[in-house]
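Since the structure comes first, as structure tokens, the remarks are kept for the end.
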Protein chains: 2
Amino acid sequence: MLAPMKKPLDASLHLDEQLCFALYAASRRMTATYRPLLEALDLTYPQYLVMLVLWERDGLTVRELGERLQLDSGTLTPLLKRLEQAGLLGRRRRQSDEREVEITLTDAGHTLREGAADIPRCMAEKLCMSIDAFTRLRDELKTLATQLAPPTDPRE
Amino acid sequence: MLAPMKKPLDASLHLDEQLCFALYAASRRMTATYRPLLEALDLTYPQYLVMLVLWERDGLTVRELGERLQLDSGTLTPLLKRLEQAGLLGRRRRQSDEREVEITLTDAGHTLREGAADIPRCMAEKLCMSIDAFTRLRDELKTLATQLAPPTDPRE
DNA sequence: CATAATTTAATTGTGCACAATATAAATTTT
DNA sequence: AAAATTTATATTGTGCACAATTAAATTATG
């Protein structure tokens with residue numbers, strides 16, 4: 001009699017079975033789909049995310065922006081300097097705490113929001129998803145990210 | 001009488017409502033979760049993906065690798081040179097067509113697969129998802145990526 | 001108060017991503 | 001066969017990501 005068949009329960013090393021690759025590929029496709037829309041505004045995708053945060057609430061510090069986007073100063077500092085060069089925002093140390101750098105939108109930065117107003121609708125068209133499927137997938141991804149987040153520092 | 005309430009159907013510019021950001025953040029969290037596992041193998045995450053493909057089928061060209069991973073030579077050429085430096089693979093022009101560069105695993109490259117064998121199980125533990133939820137999410141992401149893929153060139 | 005510890009940004013260095021261009025080989029057209 | 005086109009890879013340049021280090025300001029502690 002043959003030995004019992006080995007169950008293929010050992011997770012595989014096949015690319016097409018990986019959740020990580022589906023995620024990685026979809027994320028890059030998504031960014032690529034935004035690219036032509038953002039080119040019209042002279043923004044990269046990460047720059048667009050920063051602008052989204054600042055359009056919601058202006059005057060955040062680099063740290064607060066980083067918490068929101070899960071990016072550190074090594075990424076944000078040069079990105080913010082480029083947006084400053086582009087005339088969309090200003091950076092200045094707070095007088096209350098000179099360690100903190102406050103980011104403030106310029107008039108041009110505020111105005112750019114109008115140019116971005118059509119982007120979500122335009123992207124929604126390309127997605128071809130029901131609002132329900134959209135919301136469900138988005139929230140599943142949020143849950144996944146939370147699950148993968150490093151354990152919270154017990155001091156907090 | 002008041003004017004009818006405007007439905008918030010105009011897609012929003014709020015960060016937390018964006019599918020794109022959930023995707024972008026989850027993808028980076030996923031890569032960050034792989035990082036300590038891959039450090040033990042001296043691989044970055046994109047390098048790991050290349051190795052996954054080559055463990056499946058050796059002797060692919062740069063173009064074939066790029067099609068599989070959706071990456072171009074600007075990304076792959078330096079990455080492959082680093083893997084070559086690390087002694088995991090070799091690169092040589094094909095005699096049948098000198099334009100093509102064939103990538104072949106070295107013995108060390110083949111052997112590394114054993115060191116990677118535990119990674120999927122280890123990641124599965126951290127995910128805390130049922131096999132069903134895993135498969136469904138993965139396939140939804142594949143569908144999304146396909147939906148966002150540029151239209152195929154009609155010549156093909 | 002003095003100094004040690006902590007916090008916040010910036011800097012440096014490595015490795016992707018990706019557009020644009022270059023180069024060379026192969027293929028097709030003329 | 002020569003010219004034009006296509007294909008495969010490499011190169012260059014820009015902009016993220018992120019680890020590690022540095023520097024400055026603030027807070028905590030003896």
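Labels below follow one simple rule: chain letters A, B, ... track the order of the sequence lines, proteins then strands, and each chain is numbered from 1.
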Donor-acceptor under 3.5 Å (B:E56 side chain, A:L15 main chain): yes
Side-chain N,O (B:K81) to OP1/OP2 (D:dT9) below 4.0 Å: no
Over how many whole Å does the gap from A:L83 atom CG to D:dG15 atom P extend? 11 Å
Contact residues, residues 85-103 of chain B to DNA chain C [heavy atom, < 4.0 Å]: B:D97, B:E98, B:R99
Between A:P78 and B:L79, name the one whose nearest nucleotide on DNA chain C is closer to the 5' end. A:P78
Nearest-angstrom distance from the residue atom CZ of A:R82 to C1' of D:dG13: 12 Å
Taking only residues two or more places apart in sequence or in another chain, which ones pass side chain to side chain donor-acceptor pair (under 3.5 Å) with B:R63? B:E67
Strictly below 4.0 Å: does B:T75 bring a side-chain N or O up to OP1 or OP2 of C:dA17? no
Between D:dC16 atom P and A:L76 atom CG, what is the distance in whole Å? 10 Å
For B:L148, does its backbone N or O pair with a side-chain atom of A:R29 as donor and acceptor, under 3.5 Å? yes
Send over the distance from B:L80 CG to C:dG15 P, rounded to a whole Å. 14 Å
Gap between atoms CG and P, on A:D72 and D:dT21 respectively (whole Å): 15 Å
Output the rounded distance in Å from CG (A:L71) to C1' (D:dA19). 14 Å
C:dA17, OP1 or OP2 - any side-chain N/O from A:Y24 closer than 4.0 Å? yes
Do the side chain of A:S73 and the base of C:dA10 come within less than 3.5 angstrom through a donor-acceptor pair of N or O atoms? yes
Which parts of residues 30-67 of chain A get close to DNA chain D, meaning a heavy atom less than 4.0 angstrom away? A:T44, A:P46, A:Q47
Ion pair A:D16/B:R138, N-O distance below 4.0 Å: no
Between the side chains of A:R93 and A:E98, is the shortest nitrogen-to-carboxylate-oxygen separation below 4.0 Å, so that they form an ion pair? no
Do the rings of B:Y48 and B:Y34 sit parallel, tilted or perpendicular, given the 30° and 60° boundaries? tilted
Under a plain distance cut-off of 3.5 Å, with no hydrogens placed, do B:T61 and B:E102 share a side-chain donor-acceptor pair? no
Would you say B:R28 places a side-chain N or O within less than 4.0 Å of OP1 or OP2 belonging to D:dC16? no
Shortest non-hydrogen contact from B:L54 toward B:L105: O-CD1, 3.6 Å
Hey, are B:R94 and B:D97 close enough for a salt bridge, meaning a charged N less than 4.0 Å from a carboxylate O? no
